[in-house]
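Both counts, for ligands and for their atoms, begin at 1 and track the order of listing. All of these numbers come straight from a predicted model, not from anything done at the bench.
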Amino acid sequence: MTLVEIKNVSKEYKTGQKALNDISLSINKGEFVVVIGPSGAGKSTLIRVINQLVSPSSGAVLFQQQNITTAKGKKLRKLRSHIGMIFQHYNLVERTNVLKNVLHGKLGQVSFFTSAFGRYTQEDRQIAMELLAQVGLLDQAYKRADELSGGQMQRVGICRALMQNPALILADEPIASLDPKSSEIVMTQLKEITESRNMTTIVNLHQVDIAKKYATRIIGVKKGEIVFDGTPAELTEEK
Ligand code: ADP
Ligand code: ADP
């Protein structure tokens, strides 16, 4: 079943910088897609047009068969509530404890400005604690986020995204700031969670070896275009 359909999407930023050139692609439910390519290739832009954090200059993105590119207000918020996002720099509220950071995910679209305005039920707290247990961070629940290591912070980022019970997770360079060991932990957890929850995940990376190890499908992007789309086994060295 198609979850995301990108139709002839191009993006030129207001600066005149071209980031995507006529991209078309569909992603099925259950896929663990890794988007690889050099810095500046357009990977982050490609991920961000899917939840409309970046608005395409032309073309459209359908999420769950609905046009998210033209969606506004309540409809956009509804569509986005099914899409969790994970960032390179975690975007946690550093002076707030881990549990509250996870609960912030309940508010939906995560931004630097998510604050403690939300009110949470006992059930929300229980779900948050269960998620923390799943990623091995139950003991850290009442620590301040900035007391954790980078790898731990990113696992909190995963829990926060899961708080929305999303159909899709977009992870933009989630391991770019992590050491190799923490990177493997984060990728393993993302992969396991995708499978066990019957979700779909799209991850941006620049390391081909890690892409090959975890992806069910690899999409190679260069200069705003798709230069490869296939299984890890099909990705040979020269590409
Ligand atoms: P959009 O066309 O999607 O509205 P903008 O071109 O207005 O996006 O840029 C959004 C923000 O990103 C602006 O505040 C801009 O200053 C900032 N920005 C500009 N250049 C870059 C860049 N190369 N990488 C990341 N962010 C940038
Ligand atoms: P990647 O994730 O592969 O590094 P990006 O999608 O971030 O690539 O960027 C693609 C191109 O668009 C780059 O040239 C980048 O500098 C530019 N770019 C990204 N965001 C913005 C922005 N907000 N405003 C202007 N240019 C941007």
Student: Looking at ligand 2, does any of its N/O atoms fall within less than 3.5 Å of an N/O of Asn204?
Tutor: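 N/O-N/O distance below 3.5 Å does not exist for this pair.
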
Student: Would Lys212 pass as a cation-pi partner of Tyr214, given that its NZ or CZ must be under 6.0 Å from the six-membered ring centre and within 45 degrees of the axis?
Tutor: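 No, Lys212 and Tyr214 do not form such a contact.
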
Student: Which residues pass the side-chain contact (heavy atoms from CB on, under 4.5 Å) test with Glu94, not counting sequence neighbours?
Tutor: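 With neighbours one apart ignored, the set is Asp146.
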
Student: Evaluate Lys18 for polar contact with ligand 2, using N/O atom pairs at a separation under 3.5 Å.
Tutor: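 By distance alone, the answer is no.
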
Student: Which residues pass the side-chain contact (heavy atoms from CB on, under 4.5 Å) test with Asn21, not counting sequence neighbours?
Tutor: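 For Asn21 the side-chain contact (heavy atoms from CB on, under 4.5 Å) partners, ignoring immediate neighbours, are Ser10, Glu225.
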
Student: Should Gly42 be counted as touching ligand 2, given the test is an N or O pair under 3.5 Å?
Tutor: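 Right, the criterion is met.
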
Student: I'd like to know whether ligand 2 has Gly224 as a neighbour, heavy-atom separation below 4.0 Å.
Tutor: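 So Gly224 does not count as touching ligand 2.
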
Student: With heavy atoms under 4.0 Å as the rule, classify the contact between Thr45 and ligand 2 as side chain, backbone, both or neither.
Tutor: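 Looking at Thr45 and ligand 2, atoms from backbone and side chain both fall under 4.0 Å.
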
Student: I'd like to check whether Leu46 has a polar contact with ligand 2, where a contact means an N/O of the residue lying under 3.5 Å from an N/O of the ligand.
Tutor: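 By distance alone, the answer is no.
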
Student: Gly37 near ligand 2, heavy-atom distance under 4.0 Å?
Tutor: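 No heavy atom of Gly37 comes that close to ligand 2.
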
Student: Of the listed options (Lys11, Gln17, Lys14), which comes nearest to atom 15 (C) of ligand 2 when hydrogens are ignored and any heavy atom counts?
Tutor: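 Considering heavy atoms of Lys11, Gln17, Lys14, the nearest to atom 15 (C) of ligand 2 sits in Gln17.
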
Student: Does the side chain of Tyr13 come under 3.5 Å of the side chain of Thr45 through a donor N or O and an acceptor N or O?
Tutor: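 Yes.
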
Student: Ignoring hydrogens and angles, tell me if any N or O in the side chain of Gln65 forms a donor-acceptor pair with the backbone of Thr2 under 3.5 Å.
Tutor: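 Pair found, side chain donor or acceptor close to backbone of Thr2.
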
Student: Kindly work out whether a path of hydrophobic side-chain contacts (I/L/V/M/F/W/Y, heavy atoms less than 4.5 Å apart) joins Leu79 to Leu62.
Tutor: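 No; Leu62 is not reachable from Leu79 via cluster members.
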
